[in-house]
Amino acid sequence: MKLLVTGGAGFIGSNFILYWMKNYPQDRIVNLDNLTYAGNLENLKEVEKNPNYKFIHGNICNLNIVGEAMRGIDTVVHFAAESHVDRSILKPSDFIVTNVVGTQVLLDSALKHKVKRFHHISTDEVYGSLKLNDQSKFNERTNYNPNSPYSASKAGSDHLVKAYSETYGLPITITNCSNNFGPYQFPEKFIPLAITNILEDKKVPVYGDGLYVRDWLYVIDHCRAIDLVLNKGKVGETYLVGGMTDDISNLEVVKKILKIMGKPESFVEHVKDRLGHDRRYAVNWSKIEKELGWKPLHDFDEWLEKTIAWYKENEKWWKDVKSGDYKKYYQEQYGKL
Ligand code: NAD
Ligand code: DAU
């Protein structure tokens, strides 16, 4: 099989390529990525010389480059996106261009090249926000209700993918998954930001009261879910993918990290809240469990500890990405370095 992976130099995309090449060494992978601030070829050192792996440096909005990349492809796995909510609040336009227009360019090309499967990676954030202290969870029938420019742009891309399935018969599948964590996550996201700040002896910015809830999923469990959907999923279907945490607040997450790293709780710094901050996410993943036999296998506490160990062992990786433009972003977002 020949796969086109878009955004394969990012956090989840690179974990997916490493996972896939280990489990399906006979398959060929083309990675199309335009290496934004979030793309990093260091993540893929292990496979860069593998003859079954090819990197194309290009933008998913460019029809010619996409056409080139799509040649001979059986399966598209579409990760490429602007993915950070805070950046979408600072500058929404990049999100609309990449996440909506870029997805449409890929869909057109996939249709033209008659790919056998277009798998779209989406997010639980398209469903909006749940109330604190209640049992509700998102499921495949939950209405779309996105609240940030990021989630609105992802909702737009989901709708386009479904429209290409209904209108043109493009064989699609979609996964909407919860917050991933693990190696190679860019340290603008909460968990790697907390870990690397602590390693630098800096405080951890916690938005507002810190009582926001996310559903945490170890990145390899996400890769396993995509694998199953590609191999056994029903064309046209959407599957929700979530983790093993039970309503854990951001404050509790930081306290766990501080405890593992042997630092006091005075490292928590409450800062100005995110605009339009969604209170709670929780995912009901019973459909993918019942239909495809998937469930998360990586326990949060154990893999949080392993993730912390990874950042400790890979100081050069995160120090390199925390320089230059990152500093400008941090200053703009948090008002200090
Ligand atoms: P990321 O920001 O780490 O990586 C995104 C990658 O896409 C980068 O390599 C970047 O260079 C590339 N890219 C961006 N714009 C591009 C363009 N115009 N053309 C080509 N490449 C481009 O993101 P991530 O956290 O790995 O997320 C991957 C996907 O998973 C996204 O679609 C995101 O919406 C979705 N998702 C992420 C999470 C999460 O917790 N991180 C959860 C649910 C869904
Ligand atoms: O739910 C899936 C989504 O998870 C993905 O679609 C997104 O691509 C991914 O970035 C993530 O979005 P979140 O906004 O939930 O993740 P983030 O790591 O930015 O924030 C997690 C929580 O931590 C959220 O409640 C905001 C809070 N936070 C975040 C940062 C960066 C803080 O309190 N302080 C911070 O400095």
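Values reported hereafter were calculated over all heavy atoms of this structure, with side chains retained and with hydrogens, waters and symmetry mates removed. Whatever order the structure lists ligands and atoms in, that order sets their numbers, starting from 1. This is a predicted model, so every value here is computed, not measured. The chain is numbered in sequence order, starting from 1.
Two rings, from Tyr207 and His270, have their centers 6.0 Å or more apart.
Residue nearest to atom 28 (N) of ligand 2, selected from Phe186, Tyr127, Tyr207: Tyr207 (by heavy-atom distance). Closest heavy-atom approach to atom 8 (C) of ligand 1 among the candidates Asn180, Asn31, Asp33: Asp33. Between the choices Arg87, Arg274, Glu269, Arg279, the shortest heavy-atom distance to atom 14 (O) of ligand 2 belongs to Arg274.
Atoms of ligand 1 found under 4.0 Å from any heavy atom of Ala9 (numbered from 1 in listed order, with element): 9 (O). Shown in contact with Thr123 at under 4.0 Å from a heavy atom are these atoms of ligand 1, numbered in order with element: 43 (C), 44 (C). Listed by atom number, the atoms of ligand 2 under 4.0 Å from Thr123 heavy atoms are 1 (O), 2 (C), 3 (C), 5 (C), 6 (O). Shown in contact with Asp124 at under 4.0 Å from a heavy atom are these atoms of ligand 2, numbered in order with element: 1 (O), 2 (C). Heavy-atom contacts of Asp86 reach the following atoms of ligand 2: 31 (C) (cutoff under 4.0 Å). Near Lys154, with a cut-off below 4.0 Å to any heavy atom, the atoms of ligand 1 are 31 (C), 32 (O), 33 (C), 34 (O). Every atom of ligand 2 is numbered from 1 in the order shown, and the set under 4.0 Å from a heavy atom of Tyr150 is 5 (C), 6 (O), 7 (C), 8 (O). Per-residue contacts place His84 under 4.0 angstrom from the following atoms of ligand 2 (heavy atoms of the residue considered): 19 (O). Ligand-side atoms of ligand 1 in range of Tyr150: 33 (C), 34 (O), range being under 4.0 angstrom from any heavy atom. Of all the atoms in ligand 2, the ones that sit under 4.0 Å from a non-hydrogen atom of Glu188 are 31 (C). Near Lys189, the atoms of ligand 1 lying under 4.0 angstrom from a non-hydrogen atom of the residue are 25 (O). Those atoms of ligand 1 that come under 4.0 Å of a heavy atom in Asn179, given as number and element, are 40 (O). Every atom of ligand 1 is numbered from 1 in the order shown, and the set under 4.0 Å from a heavy atom of Phe11 is 3 (O), 25 (O), 26 (O). Interface of Pro205 with ligand 2, defined as ligand atoms under 4.0 Å from a residue heavy atom, comprises 32 (C), 33 (O), 34 (N), 35 (C), 36 (O). The distance from ligand 2 to the heavy atoms of Tyr334 drops below 4.0 Å at these ligand atoms: 30 (C), 31 (C), 35 (C), 36 (O). Counting the atoms of ligand 1 from 1 in the order shown, those under 4.0 Å from a heavy atom of Thr36 are 10 (C), 11 (O), 14 (C), 15 (N).
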* From CA spacing to verdict: ring-ring contact (aromatic ring centres under 6.0 Å, His included), Phe181, Phe190 -> CA-CA 9 Å; Phe181 70 101; Phe190 190 49; over 10 Å; no
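In this structure, Asp74 pairs ionically with Lys116, as a charged nitrogen and a carboxylate oxygen lie closer than 4.0 Å.
In this structure, Lys203 fails the cation-pi test against Phe267, since its NZ or CZ atom is not both closer than 6.0 Å to the six-membered ring centre and inside 45 degrees of the ring normal. For the pair Lys154 and Phe79, the cation-pi criterion (under 6.0 Å, within 45° of the ring axis) is not fulfilled. Under the 6.0 Å distance and 45° angle rule, Arg224 does not count as a cation-pi partner of Tyr218.
Ligand 1 has at least one atom lying under 4.0 Å from a heavy atom of Phe79. Under the 4.0 angstrom criterion for non-hydrogen atoms, His277 is in contact with ligand 2.
The only option from Glu332, Glu188, Arg274 that meets the side chain to side chain contact (heavy atoms under 4.5 Å, CB included) definition with Asp86 turns out to be Arg274. When each of Asn52, Asn50, Ile73 is tested with Arg28 by the rule side chain to side chain contact (heavy atoms under 4.5 Å, CB included), just one qualifies, namely Asn52.
For Tyr281 and Asp278, the side-chain atoms include at least one donor-acceptor pair closer than 3.5 Å.
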